[in-house]
Amino acid sequence: MSDPLLNPPADLYPPGRSDVPAPEGWTPSPLYDPFEAHIGPMFYRKAGDQVHYAIKLDERHCDGQGNGEPGLLMTFADATLGWAVWLAVTPNSAVTISQHTDFLGSARVGDLIECVPAVTRKTREIIFVKGLFRVGGEPVLSASSLWKVVKGS
Amino acid sequence: MSGYFEYVGVTPPALGEPFSFQVASEHLNGGGSIHGGMSMTLAELVCRRAVSASLEGEVGACISLNCDFISGARKGETIACTAEITRQTNALVFVSAKLTSGERTVMTANGLYAVEATDE
């Protein structure tokens with residue numbers, strides 16, 4: 001089976017801003033959505049069977065005091081959990097119907113936020129997915145969401 | 001207001017004034033509707049504004065937000081953002097938000113804010 005992360009469809013949106021360098025060991029994620037390309041890039045790396053996702057906070061993502069904005073963190077969570085869902089439903093697609101986010105700690109400008117999302121249940125219609133987001137091993141965010149499967153792509 | 005809101009094109013009016021937002025190309029998902037991250041951004045901001053207005057000077061930090069994606073919104077639509085305080089204690093504020101486009105509900109959200117920052 002081809003790996004859609006490593007062999008993305010040709011019509012995917014580009015990774016976004018090429019002036020933001022990838023941290024060592026990370027690869028820019030292809031981004032489907034204009035809004036994700038706008039706030040990106042986001043990154044991924046494979047470790048065994050797991051795919052890790054990350055975003056590096058810069059001034060575009062933070063408030064005037066350098067704290068990561070909740071809206072940006074929820075957007076990264078939606079994108080990250082969405083990747084796991086997409087890998088679970090392809091060639092169909094899915095849309096978010098509900099997301100619950102808990103803000104456990106602070107993330108600051110310059111921080112690399114990492115997550116390994118996990119699909120917790122998959123039915124024909126609904127996907128349950130969750131993720132714990134960490135900075136340097138410390139939890140900063142947890143998110144879970146429900147997605148509705150959309151037939152076709 | 002901040003780097004993030006300026007970057008994504010949100011310019012909220014003074015606290016207490018009605019808050020709305022027009023969807024542009026860069027706010028969309030691949031299906032041509034507002035990206036969930038953008039609608040959650042609006043929901044959190046309108047919750048925060050209601051909390052700030054209610055706290056009269058003290059700061060509220062978002063500790064939890066639950067968002068339901070009721071319908072989409074296309075480029076050019078204007079989304080009205082409203083929120084009201086459900087309960088306020090010395091330590092916590094419960095707030096409920098709604099995003100609408102005309103008569104149609106786009107998102108409902110419930111947030112929990114800590115009156116003091118949760119940083120240690």
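Each chain gets a letter, A, B and so on, in the order the sequences are listed, and its residues count up from 1.
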Pair Thr101(A)-Glu44(B), side-chain contact (heavy atoms from CB on, under 4.5 Å): steps then yes or no: CA-CA 11 Å; Thr101(A) 311; Glu44(B) 195 281 319; over 6 Å; no
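- The distance from the OG1 atom of Thr41(B) to the CG atom of Leu73(A) is 9.5 Å, given to the nearest 0.5 Å.
- The SG atom of Cys67(B) lies 13.5 Å from the CD1 atom of Ile97(A); values are rounded to the nearest 0.5 Å.
- With sequence neighbours excluded, the residues satisfying salt bridge (Lys or Arg N to Asp or Glu O under 4.0 Å) with Arg45(A) are Glu114(A).
- Clustering ILVMFWY residues whenever any of their side-chain heavy atoms sit less than 4.5 angstrom apart, transitively, puts Phe19(B) in the very cluster that holds Val8(B).
- Proximity of a side-chain donor or acceptor of Tyr7(B) to a complementary backbone N or O of His38(A) within less than 3.5 Å is detected.
- The salt bridge (Lys or Arg N to Asp or Glu O under 4.0 Å) test applied to Arg104(B) returns Glu77(B), not counting sequence neighbours.
- In this structure, CE on Met74(A) lies 10.0 Å from CE on Met38(B), to the nearest 0.5 angstrom.
- Contact tally against chain B (heavy-atom pairs below 4.5 Å) for His61(A), Gln65(A), Lys148(A), His100(A): the top residue is His100(A).
- Of residues 84-96 of chain B, not one residue has a non-hydrogen atom less than 4.5 Å from any non-hydrogen atom of chain A.
- Partners of Lys75(B) according to the salt bridge (Lys or Arg N to Asp or Glu O under 4.0 Å) rule, which considers only residues two or more places apart in sequence or in another chain, do not exist here.
- With rounding to the nearest 0.5 Å, the separation of CD1 in Ile34(B) from CZ in Phe35(A) is 8.0 Å.
- The distance from atom CG of Asp102(A) to atom CG of Asn66(B), rounded to the nearest 0.5 Å, is 9.0 Å.
- At a 4.5 Å heavy-atom cutoff, Ser39(B) makes no contact with chain A through either its backbone or its side chain.
- The CZ atom of Phe69(B) lies 10.5 Å from the CG atom of Leu146(A); values are rounded to the nearest 0.5 Å.
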